[in-house]
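Since the structure comes first, as structure tokens, the remarks are kept for the end.
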Amino acid sequence: MKAPGSVLDGQVLGRLDRWRRARAIFVRPDGVEAERAVAAAFGRNWARAPMYGKARRLLVERTAEQFLEDLHNNVGGLADRVRVAPEDMQQTKWDAMSRLTPLTRARREVDALWLGDAMTGGDFYVEFQPIFDLRSGEILGFEGLLRTRSVNGQARLAAEIFPAAEALGLERQFERFSWSVVLDSVRRIPDNVLLFLNVNPRLISRSEDALAGLGEETERRGVSFSRLVLDLVEVERLPGATEISAALTVPRDLGAAIALDDVTSGYGTLQLCQGLQPEYIKVDSEVTRGIAQDPRRRAILKFLVDLSREFSFVLVAEGIESAEDLDVCATEGVGAAQGSFLAKPAVDPPASSPALRDWLASRPLGSRP
């Protein structure tokens, strides 16, 4: 699926193209210490560079990406006190000076230019990873995982895609686009299972209309809200449940469930449980991976299992890669799990792995959580 113009409009394309075409970059250090660091980085080229106000114009010898990386490495901790802008022969010097950006941010943006290329000439698709009910061994639902394939065939995962969208300043538009890609693919999974749809809670405002775009994308494709689990990623970075509770009212009323994702601790989760009353909590691989050999991880899991009983939610163990870790999760009372040991993500929704089938066969039904 291609990204629509609403995600990557002409203004954004122009901004990205300026970095691609830059043959010179304006550099402005803020303060004496930063100027000394920049002068040391460029040597004689800094002294000879034409001045435009307090900025200087320096030639790009290879690429803008390499220029910014070298400058960043040379100025180190002073990077936020150095501002840069690409030269554009179609712009006035005034335009360039008004667009001076902190070096750290400019470097992130230039490093993310590949996403702009993917949105104009690449392809976005979804891989599904099943979540298994550990008692029955049946598939509870599928998590839709966004992927992209660039024009040169290189595949990129969600862990690269979404930070790149943020670096380009497209996180809100891109979030809605990601929902549309996953919802377009929902017909590939069985009708009787849930779709876990990743939602970034930090992009949700304190309004009941905050997820109206998700509602539009869902209804346009005829997907029942009762099949949706809004998978709130990196939820522990939220300052509190009040930030998003109002936004979840409408999807909840329409039948959608809530999952708190990437959970790594107990105390913050307790507060979110009280405020959001989720149906699912997904324990991050930071806790589950290697849990069979780590008493501290096991203690965190025990606390979360106790919470699941108190608040009546299903605890899902993420990132399970071995039978030993799955044994611990099942013994402690975890209700569901996902990970490469159970089934790897795939474009065609996968069934359980042979290893999971063997694990289930080795455990009598009564011994399962």
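Numbers for residues simply follow the sequence, beginning at 1.
- Within the structure, no pair that satisfies the ring-ring contact (aromatic ring centres under 6.0 Å, His included) test touches residues 214-244, not counting sequence neighbours.
- Once rounded to the nearest 0.5 Å, the distance linking CG of Leu230 with CG of Leu211 reads 6.5 Å.
- In this structure, the side chains of Leu232 and Leu248 come closer than 4.5 Å at one or more pairs of heavy atoms.
- Judged as a side-chain contact (heavy atoms from CB on, under 4.5 Å), and not counting sequence neighbours, the contacts of Asp95 are Gln91, Thr92, Arg99.
- A 4.5 Å side-chain heavy-atom check between Arg221 and Asp184 finds at least one atom pair inside the cut-off.
- Rounding to the nearest 0.5 Å places CG of Leu301 at 8.5 Å from OG1 of Thr288.
- Not one N or O on the side chain of Trp359 forms a donor-acceptor pair closer than 3.5 Å with the backbone of Pro354.
- Within 6.0 Å of CZ on Arg36 lie no more than 12 heavy atoms contributed by other residues, nucleotides or ligands.
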The test is salt bridge (charged side-chain N to carboxylate O under 4.0 Å, His left out); show your working for Arg62 and Asp70 and say whether it passes. CA-CA 11 Å; Arg62 286 177 284 175; Asp70 291 344; 3.5 Å; yes

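- For Arg187, the CZ atom counts as loosely surrounded, since its 6.0 Å shell holds 12 or fewer non-hydrogen atoms of other residues, nucleotides or ligands.
- The main-chain N or O of Ala155 is never found under 3.5 Å from a side-chain atom of Arg147 such that the two would form a donor-acceptor pair.
- For Tyr52, the ring pair (Phe, Tyr, Trp, His ring centres under 6.0 Å) partners two or more places apart in sequence, or in a different chain, are Phe26.
- Annotation: side chain of Ser185 is not in contact with side chain of Tyr125 (no heavy-atom distance under 4.5 Å).
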Applying side chain to side chain contact (heavy atoms under 4.5 Å, CB included) to Val305 and Arg309, what does each step give before you reach the verdict? CA-CA 6 Å; Val305 168; Arg309 292 168 180 151; 3.5 Å; yes

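- Panel note: side chain Arg28, backbone Met97; no donor-acceptor pair is recorded below 3.5 Å.
- Side-chain contact between Leu270 and Leu307 is present, with at least one heavy-atom pair separated by less than 4.5 Å.
- In this structure, Met89 places its CE atom where only 12 or fewer heavy-atom neighbours from other residues, nucleotides or ligands lie under 6.0 Å away.
- Not counting sequence neighbours, the partners of Phe196 by the ring pair (Phe, Tyr, Trp, His ring centres under 6.0 Å) test are Tyr280.
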For residues 337-348, dump all side-chain donor-acceptor pairs below 3.5 Å to protein atoms at least two apart in sequence or in another chain.
| from | atom 1 | to | atom 2 | distance (Å) |
| --- | --- | --- | --- | --- |
| Gln338 | OE1 | Lys282 | NZ | 2.9 |
| Gln338 | NE2 | Gln129 | OE1 | 3.2 |
| Gln338 | NE2 | Glu143 | OE1 | 3.3 |

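- The neighbour count for Gln277 CD, taken as heavy atoms of other residues, nucleotides or ligands under 6.0 Å away, is above 12.
- Taking 4.0 Å as the cut-off between side-chain N and carboxylate O, Glu35 and Lys54 do not count as a salt-bridged pair.
- Within the 4.5 Å cutoff, no side-chain heavy atoms of Leu360 are placed close to those of Phe132.
- Between atom CD1 of residue Ile281 and atom OG of residue Ser308 there is a gap of 8.5 Å, rounded to the nearest 0.5 Å.
- Minimum heavy-atom separation, Val126 to Arg188: O-NH2, 2.9 Å.
- Considering all non-hydrogen atoms of both residues, Thr120 and Leu13 come closest at CG2-CD2, 3.8 Å.
- In this structure, Glu69 places its CD atom where more than 12 heavy-atom neighbours from other residues, nucleotides or ligands lie under 6.0 Å away.
- The ring pair (Phe, Tyr, Trp, His ring centres under 6.0 Å) test applied to Phe313 returns no partner, not counting sequence neighbours.
- Between Thr269 and Cys273 there is a side-chain heavy-atom pair separated by less than 4.5 Å.
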Mind running side chain to side chain contact (heavy atoms under 4.5 Å, CB included) on Ile189 and Arg227 for me, showing each step along the way? CA-CA 11 Å; Ile189 67 174; Arg227 292 190 66 191; 3.4 Å; yes

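- Sorted by first and then second residue, the ring-ring contact (aromatic ring centres under 6.0 Å, His included) pairs with a member in residues 67-118 read Phe42-Phe67; sequence neighbours excluded.
- Side-chain N or O atoms of Glu175 include none that pairs as donor or acceptor with a backbone N or O of Leu203 at under 3.5 Å.
- The salt bridge (charged side-chain N to carboxylate O under 4.0 Å, His left out) test applied to Arg108 returns no partner, not counting sequence neighbours.
- Annotation: side chain of Glu65 is not in contact with side chain of Trp19 (no heavy-atom distance under 4.5 Å).
- A salt bridge does not link Arg289 with Asp325: none of the charged nitrogens is closer than 4.0 Å to a carboxylate oxygen.
- Here the straight-line distance linking atom CD of Glu332 with atom CG of Asp306 works out to 9.0 Å at 0.5 Å rounding.
- The local environment of CD in Gln274 is crowded, with over 12 non-hydrogen atoms from other residues, nucleotides or ligands closer than 6.0 Å.
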Chi angles and distances behind the salt bridge (charged side-chain N to carboxylate O under 4.0 Å, His left out) call for Arg135, Asp133: CA-CA 6 Å; Arg135 181 170 179 80; Asp133 182 314; over 6 Å; no

Starting from the C-alpha separation in whole Å, work towards a yes-or-no answer on salt bridge (charged side-chain N to carboxylate O under 4.0 Å, His left out) for Glu171 and Arg202. CA-CA 10 Å; Glu171 58 268 42; Arg202 292 179 293 115; over 6 Å; no

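- Taking Ile, Leu, Val, Met, Phe, Trp and Tyr as members and joining any whose side-chain heavy atoms lie under 4.5 Å apart, directly or through other members, Val233 forms no hydrophobic cluster with any other residue.
- Considering Val193, Leu195, Val186 as possible partners of Phe128, the one that fulfils the side-chain contact (heavy atoms from CB on, under 4.5 Å) test is Leu195.
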Verdict with supporting geometry, Phe177 and Met119, side chain to side chain contact (heavy atoms under 4.5 Å, CB included): CA-CA 11 Å; Phe177 168 65; Met119 285 191 280; 5.5 Å; no

Take Thr331 and Arg298 through the side chain to side chain contact (heavy atoms under 4.5 Å, CB included) test and state the conclusion after the steps. CA-CA 11 Å; Thr331 299; Arg298 191 161 184 164; 4.1 Å; yes

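- Of the charged side-chain nitrogens involved, none lies within less than 4.0 Å of a carboxylate oxygen, so that Arg237 and Asp262 do not count as a salt-bridged pair.
- Every residue meeting the side-chain hydrogen bond (donor to acceptor under 3.5 Å, both in side chains) condition with Arg176, not counting sequence neighbours, appears here in chain and number order: Glu216, Glu217.
- Counting only heavy atoms from C-beta outward, the side chains of Pro130 and Pro349 never approach each other to under 4.5 Å.
- Taking the side-chain contact (heavy atoms from CB on, under 4.5 Å) definition, one finds that Arg21 meets it with Asp17, Arg18, Asp88, sequence neighbours left out.
- Under the side-chain hydrogen bond (donor to acceptor under 3.5 Å, both in side chains) criterion, Thr101 pairs with no residue, sequence neighbours left out.
- Between Ala210 and Ile204, the shortest heavy-atom distance links the atoms CB-CG2, 3.6 Å.
- In this structure, CG on Leu214 lies 6.5 Å from CG on Leu228, to the nearest 0.5 angstrom.
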